[in-house]
Amino acid sequence: MEIPVNVSLDLDNTLNCGQTFRWHKKNEKWYGVVNRTPLILNYDPTQSLLEVQSIGEEINGETLENGIIHYLGLNDSLQSIKGNALKQVEKTHPDFIPLFHEIVDPSLGIRLLRQDPWEMLVEFLLSTQSNILTIKKRCEKLAGFFPENQVFIKEEPFFLFPSIDQLRHLEVDDFQSMLFGYRSKWLKELVDTIDIRMFKTLKNMPLEQKLNYMTGFSGIGYKVANCVALFGFSDFRAFPVDVWISRFLNQYFGVTGNAENLMVVGQEIFGEFCGYIQEYIFYYIRTRCR
DNA sequence: GCCCAGGGGTAGT
DNA sequence: ACTACCCATGGG
């Protein structure tokens with residue numbers, strides 16, 4: 001199947017900018033799973049065509065095509081998001097305008113994915129104090145623990161992300177064997193105590209309620225909860241503050257503080273789509289600022 | 001060997 | 001409320 005793409009799309013950096021951990025590229029094609037549907041994606045920017053291989057017929061009750069359009073955020077107007085944030089920057093920090101363009105313009109094909117909130121919660125709990133390569137290996141380790149979740153497109157294997165019921169059957173030692181370290185007990189406690197139906201209702205609640213609920217679990221602090229809100233619940237007012245963003249805000253705005261304080265700073269500077277801008281800043285720091 | 005990583009919990013101020 | 005320190009482990 002082929003999907004015509006008539007908006008800007010930087011698929012490589014969308015799938016490789018730290019918002020998702022289980023996509024991998026081989027021979028110019030991307031391999032990954034969206035909800036319970038394995039996909040092979042091959043984007044040709046010169047033709048603006050997205051070639052899709054799959055064994056599934058639908059994603060989350062939608063047609064394959066609509067499901068992929070939704071997942072990739074192809075309906076997001078990146079120009080509007082930039083314009084909205086720029087207006088806010090002009091009001092609050094006009095001296096930052098040149099750097100704002102320098103950061104955002106090269107990123108206007110990077111899109112925030114609509115990922116599964118449960119998978120985001122588990123994966124970002126495992127992300128603490130680790131680099132992205134290590135996080136990716138952990139996520140693969142966890143998914144690969146369940147051979148019954150393996151599916152194929154032709155000869156190519158994929159693992160569906162484990163459900164909460166599957167994870168409930170594991171012990172702390174199982175997680176230790178996957179080298180999750182001190183995160184093992186956090187994950188065990190999470191799967192034992194979370195009310196997954198309650199968790200899913202956060203989708204329609206304000207950011208503050210999302211954060212309040214999620215930070216109630218051990219191992220889920222403000223940074224991780226913001227990542228889940230942004231990448232799992234598509235709440236663009238979320239503003240995750242990790243060591244990179246913290247250093248950036250300190251360097252260019254002279255502010256310091258914890259993840260909660262700096263989240264508010266980011267919201268004030270960049271406005272209601274600050275989560276999108278946060279991702280562009282993260283990409284900028286890690287590709288052009290080192 | 002050393003330092004860092006998409007942090008968070010906790011005890012001591 | 002703020003700080004210092006610890007946590008397990010892999011990668012550069």
Side-chain angles (χ1 to χ4, degrees), chain A residues 13-24 103 107 110-113 115 117 119-142 144-145 171-191 193-194 210-236 238-251 255-266 270 274-290:
Chain A
N13 288 315
T14 294
L15 297 179
N16 199 25
C17 67
Q19 63 173 321
T20 188
F21 300 118
R22 295 198 327 118
W23 283 93
H24 59 98
I103 290 171
S107 295
I110 298 176
R111 291 167 182 279
L112 291 186
L113 301 170
Q115 300 183 79
E119 179 169 351
M120 289 295 96
L121 188 65
V122 172
E123 292 182 349
F124 275 99
L125 181 145
L126 294 176
S127 78
T128 55
Q129 195 66 14
S130 311
N131 61 38
I132 292 179
L133 179 56
T134 302
I135 301 167
K136 286 182 173 178
K137 289 181 176 177
R138 277 196 199 121
C139 295
E140 283 312 313
K141 203 100 173 173
L142 183 63
F145 195 84
E171 301 301 329
V172 175
D173 284 348
D174 294 318
F175 297 135
Q176 291 284 6
S177 76
M178 295 181 238
L179 303 176
F180 294 170
Y182 56 80
R183 306 160 193 85
S184 301
K185 60 178 187 304
W186 291 344
L187 182 53
K188 178 58 178 165
E189 190 179 325
L190 179 76
V191 300
T193 60
I194 193 170
K210 293 185 178 82
L211 301 180
N212 278 340
Y213 180 84
M214 288 191 273
T215 54
F217 296 96
S218 289
I220 313 285
Y222 254 81
K223 188 270 170 184
V224 167
N226 269 283
C227 284
V228 178
L230 186 57
F231 306 131
F233 289 114
S234 304
D235 191 330
F236 298 148
F239 194 87
V241 176
D242 68 346
V243 289
W244 301 92
I245 297 295
S246 177
R247 284 196 288 256
F248 176 87
L249 291 176
N250 183 21
Q251 180 176 348
V255 290
T256 57
N258 59 30
E260 186 176 1
N261 304 138
L262 293 181
M263 172 192 77
V264 176
V265 171
F270 299 113
C274 58
Y276 244 104
I277 306 304
Q278 188 273 3
E279 196 59 15
Y280 292 165
I281 294 172
F282 185 73
Y283 173 69
Y284 170 82
I285 300 170
R286 294 172 55 87
T287 55
R288 296 192 291 279
C289 234
R290 282 213 270 192

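Quick note on labels: first sequence line is chain A, next is B, and so on, each numbered from 1.
Between the CG atom of A:Asp242 and the P atom of B:dG8 there is a distance of 10 Å, given to the nearest Å. Rounded to a whole Å, the CZ atom of A:Arg286 is 15 Å from the P atom of B:dC4. If you measure from atom CZ of A:Phe239 to atom P of B:dG6, you get 17 Å, rounded to the nearest angstrom. Protein atom CZ of A:Phe21 is 6 Å distant from nucleotide atom C1' of B:dG6, rounded to whole Å. In this entry the distance linking CG of A:Asn258 with P of C:dC2 reads 7 Å, nearest Å. One atom, CZ of A:Arg22, and another, C1' of B:dG6, lie 18 Å apart when rounded to the nearest Å. Distance A:Met263 CE to B:dG6 C1': 16 Å, rounded to the nearest Å. Nucleotide B:dG7 holds its P atom 15 Å from the CE atom of A:Met120, rounded to whole Å.
In this pair, A:Phe124 does not lay its aromatic ring on the base of B:dG6; centres under 5.5 Å and planes under 30 degrees do not both hold.
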(request) Run the numbers on A:Phe236 and A:Phe270 for ring pair (Phe, Tyr, Trp, His ring centres under 6.0 Å), then give the verdict. (result) CA-CA 11 Å; A:Phe236 298 148; A:Phe270 299 113; over 10 Å; no
(message) Run A:Gln19 and A:Phe282 through side chain to side chain contact (heavy atoms under 4.5 Å, CB included) and show every step you take.
(response) CA-CA 10 Å; A:Gln19 63 173 321; A:Phe282 185 73; over 6 Å; no
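Crowding of A:Lys141 atom NZ: a count of heavy atoms from other residues, nucleotides or ligands under 6.0 Å not exceeding 12.
In the model, A:Tyr222 has no side-chain atom that pairs as donor or acceptor with a side-chain atom of A:Asn258 under 3.5 Å.
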(message) Let's test your reading of the pairing rules: Watson-Crick or G-U wobble, both distances under 3.5 Å, then write DNA chain C as a dot-bracket string with ( ), [ ], | and dots.
(response) |||||||.||||
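Within the 4.0 angstrom heavy-atom criterion, no nucleotide atom of any strand lies near A:Ser184. Within 4.0 Å (heavy atoms only), A:Glu123 reaches no atom of the nucleic acid at all. At the heavy-atom level, A:Val243 lies under 4.0 Å from the strands shown only through sugar-phosphate atoms. Using a 4.0 Å heavy-atom distance criterion, A:Phe231 is classed as a base contact.
Along DNA chain B, the nucleotide nearest to A:Gly219 and the one nearest to A:Lys223 differ in position, and the one closer to the 5' end is contacted by A:Lys223. For the pair A:Phe217 and A:Gln19, both in contact range of DNA chain B, the more 5′-proximal nearest nucleotide belongs to A:Gln19.
Of the possible polar contacts, none joining the A:Arg183 side chain to the A:Gly219 backbone as a donor-acceptor pair under 3.5 Å is found. The main-chain N or O of A:Val243 is never found under 3.5 Å from a side-chain atom of A:Ser246 such that the two would form a donor-acceptor pair.
Rounding to the nearest 0.5 Å places CH2 of A:Trp23 at 12.5 Å from CG of A:Asn16.
Contact check for A:Phe217 versus A:Val224: no side-chain heavy atoms found under the 4.5 Å cut-off. Side chains of A:Ile194 and A:Leu121 form a contact here, defined as non-hydrogen atoms less than 4.5 Å apart.
Between B:dA11 and C:dA8, the distance separating the two P atoms is 15 Å to the nearest Å. The same atom, P, is picked in C:dC6 and in B:dG6; the two are 23 Å apart, to the nearest Å.
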(message) Counting primed atoms plus P, OP1 and OP2 as sugar-phosphate and everything else as base, spell out the protein contacts along nucleotides 7-12 of chain C at 4.0 Å heavy-atom distance: B, S or - for each nucleotide, 5' to 3'.
(response) BBSBS-
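Note: A:Phe175 and A:Phe180 have parallel aromatic rings, judged against thresholds of 30 and 60 degrees for the angle between ring planes.
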